[in-house]
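Sequential numbering from 1 along the given sequence is applied to the chain's residues.
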Amino acid sequence: MNTVAELHCLCVNAGSSSLKLALYAVAPNGAERRLCEGSALEIGLPESAIEVGGQIEHRPLADHRAALEALLDALAPPRVDAIGHRVVHGGDHTRPERVTPQLLTRLEALTPLAPLHNPSALAGIRAVAAHLPDTPQVACFDTAFHATLPEVARTLPLARCYRELGLRRYGFHGLSYEYITRKLGVQAKGRVVVAHLGNGASLAALRDGRSVDTTMGLTPTGGVMMGTRSGDLDPGVLLYLMREAKLDAAALERAVNHEAGLLGVSDKSSDMAELLASDTPEARLAIALFAYEVRKAIGALAAALGGMDRMVFTGGIGEHAAPVRWAICRGLEHLGIELDAAANTAGAALISTPQSGCPVHVMATDEDAMIARHVYELLETADAK
């Protein structure tokens with residue numbers, strides 16, 4: 001790679017029936033800018049479509065390869081130097097890696113740990129390989145940021161025979177946490193709790209920019225409740241559903257990943273904005289339960305850190321749902337948190353009062369930008385050798 005020129009990196013985020021592309025230009029000084037973006041929706045279904053520039057065009061998309069080709073035709077990027085993929089579960093991989101047949105084999109083996117996410121990422125990688133076979137691809141793992149978890153935080157209280165199967169706490173949303181850490185700069189020093197709250201939600205405890213604990217564990221199902229995911233449950237709940245409701249593994253997966261969380265409690269929607277606009281008791285309960293679980297998680301992570309010096313909200317809910325931020329922070333005065341009601345309502349970058357012992361920030365995250373940076377740094381390092 002020519003280190004004096006910009007790198008044009010295509011960032012790929014593949015879901016089970018969706019594909020999101022974002023093209024970034026990364027300068028030698030590490031600065032990045034987004035050039036264009038687009039999404040493919042409902043891949044493999046009759047209502048499949050692509051969205052570019054806010055315009056939706058319905059067209060048949062049989063698979064991820066067809067979706068990729070349609071999006072690239074619509075975006076018409078002048079050049080693509082490299083491709084970076086978000087891979088949710090990287091297992092023991094602690095840094096981004098060039099895609100090779102050997103890496104694909106290892107990622108295939110991790111599918112049981114992230115059955116909702118890794119197959120889609122693999123489909124995206126294969127679609128790119130078929131369409132742009134000579135362009136280098138890099139896998140960026142959401143789990144890698146949490147490689148610094150201490151043994152006591154990553155160990156599950158299971159018998160050794162099960163732990164030897166790779167059952168431990170990995171943590172997720174790492175690309176988001178890493179982006180926020182870099183954006184904080186010197187403010188990342190000390191004890192920071194970051195709440196990435198969106199359709200998927202987790203929190204992380206950072207000490208001097210390194211992850212020391214997080215709410216998600218073995219899979220992205222764990223931790224606080226989410227849009228359609230239950231978060232942590234008493235294992236006895238699953239045993240009960242198996243024994244009494246006769247649910248098999250597939251039905252349990254639907255129950256905890258697709259029918260739970262905000263959707264399950266509200267019996268209405270997984271979308272926080274829609275719930276905030278509703279006046280039903282079920283919607284109010286779903287919001288209150290979400291805030292309550294996040295508030296408890298903040299307290300637990302503060303205990304792991306021995307206190308808090310700074311708090312950050314990010315993700316769709318964290319960035320845009322002021323009433324939820326307010327509900328979460330009420331009751332955290334003992335941790336030094338005191339919100340400024342007007343600043344919070346306005347969505348200011350700093351929503352705590354000047355007297356607050358723990359500053360509270362609202363920051364936009366950008367996982368694609370983090371992927372683009374990783375791709376640039378990896379390829380630049382490889383060229384330097």
Side-chain angles (χ1 to χ4, degrees), residues 85-97 102-122 139-178 181 191-196 200-226 229-239 242 249 252-253 256-257 260 293-294 296-306 367:
H85 295 267
R86 180 191 178 208
V87 179
V88 168
H89 211 308
D92 291 326
H93 296 278
T94 60
R95 60 181 60 86
E97 295 187 23
Q102 294 77 17
L103 178 62
L104 289 177
T105 298
R106 294 196 294 272
L107 294 180
E108 287 275 12
L110 291 171
T111 295
L113 298 181
L116 300 182
H117 299 87
N118 273 28
S120 303
L122 292 167
C140 300
F141 309 110
D142 256 331
T143 46
F145 182 73
H146 301 291
T148 55
L149 288 178
E151 183 178 22
V152 71
R154 67 173 184 263
T155 301
L156 292 173
L158 294 169
R160 181 188 298 272
C161 61
Y162 300 119
R163 287 185 279 119
E164 288 177 346
L165 297 175
L167 301 186
R168 66 172 178 85
R169 301 182 69 247
Y170 289 92
F172 300 89
H173 290 135
L175 292 166
S176 174
Y177 293 129
E178 187 173 9
T181 299
R191 304 163 298 180
V192 180
V193 172
V194 182
H196 177 109
S202 71
L203 295 89
L206 313 181
R207 180 177 287 113
D208 296 330
R210 293 164 64 87
S211 177
V212 297
D213 206 346
T214 186
T215 54
M216 283 180 171
L218 174 71
T219 74
T221 304
V224 298
M225 69 182 286
M226 299 169 238
R229 286 173 258 174
S230 65
D232 288 346
L233 290 173
D234 176 347
V237 172
L238 302 183
L239 295 174
M242 291 172 62
L252 283 173
E253 191 274 324
V256 300
N257 278 318
E293 290 204 356
V294 173
K296 285 202 302 180
I298 293 170
L301 294 179
L305 289 168
E367 293 156 312

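- Met242 and Leu252 make their closest contact through CG-CD1, 3.5 Å (heavy atoms, listed as atom of the first residue, atom of the second, distance).
- With sequence neighbours excluded, the residues forming a side chain to side chain donor-acceptor pair (under 3.5 Å) with Glu178 are His374, listed by chain and number.
- The backbone N or O of Gly306 lies less than 3.5 Å from a partner atom in the side chain of Arg191, making a donor-acceptor pair.
- Every side chain to side chain contact (heavy atoms under 4.5 Å, CB included) that Thr219 has, sequence neighbours left out, goes to Thr221.
- Screening residues 210-222 for salt bridge (charged side-chain N to carboxylate O under 4.0 Å, His left out), with sequence neighbours left out, gives Arg169-Asp213.
- Counting all heavy atoms, side chain and backbone alike, Ala114 lies closest to Pro119 at O-CD, 3.5 Å.
- Residue Asn257 comes nearest to Arg229 through the heavy atom pair OD1-CG, 3.4 Å, listed as atom of the first residue, atom of the second, then distance.
- Here side chain to side chain donor-acceptor pair (under 3.5 Å) pairs that include residues 143-159, with residues two or more places apart or in two chains, are His146-Ser211.
- Contact annotation: the side chain of Cys140 never approaches that of His85 to less than 4.5 Å [non-hydrogen atoms, C-beta and beyond].
- Under the side chain to side chain donor-acceptor pair (under 3.5 Å) criterion, Arg86 pairs with Asp142, sequence neighbours left out.
- The line from CE of Met216 to CG of Asp232 is 10.0 Å long, rounded to the nearest 0.5 Å.
- Not counting sequence neighbours, the partners of Ala297 by the side chain to side chain contact (heavy atoms under 4.5 Å, CB included) test are Leu203, Thr215, Val224.
- For Arg106, the salt bridge (charged side-chain N to carboxylate O under 4.0 Å, His left out) partners at least two apart in sequence or on another chain are Glu97.
- Screening residues 109-121 for side chain to side chain donor-acceptor pair (under 3.5 Å), with sequence neighbours left out, gives no hits.
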Decide side chain to side chain contact (heavy atoms under 4.5 Å, CB included) for Val193 and Leu206; before the verdict, give the C-alpha distance in whole Å, the side-chain angles of both, and the deciding distance to 0.1 Å.
CA-CA 6 Å; Val193 172; Leu206 313 181; over 6 Å; no
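- Residues passing the side chain to side chain donor-acceptor pair (under 3.5 Å) test with Thr214, sequence neighbours excluded: none.
- Taking the six-membered ring where tryptophan is involved, the planes of His196 and Tyr177 are perpendicular, since the angle between them exceeds 60° and thus also 30°.
- Partners of Glu253 according to the salt bridge (charged side-chain N to carboxylate O under 4.0 Å, His left out) rule, which considers only residues two or more places apart in sequence or in another chain, do not exist here.
- Residues satisfying the side chain to side chain contact (heavy atoms under 4.5 Å, CB included) criterion with Asp92, sequence neighbours excluded, are Arg168, Tyr170.
- With rounding to the nearest 0.5 Å, the separation of CG in Leu167 from SG in Cys161 is 9.5 Å.
- Put simply, the side chain of His93 never gets that close to the backbone of Arg95: no donor and acceptor are under 3.5 Å apart.
- Between Ser202 atom OG and Met226 atom CE the span is 7.5 Å, to the nearest 0.5 Å.
- With sequence neighbours left out, the side chain to side chain contact (heavy atoms under 4.5 Å, CB included) criterion links Leu107 to Val87, Leu103, Leu110, Leu122, Phe141.
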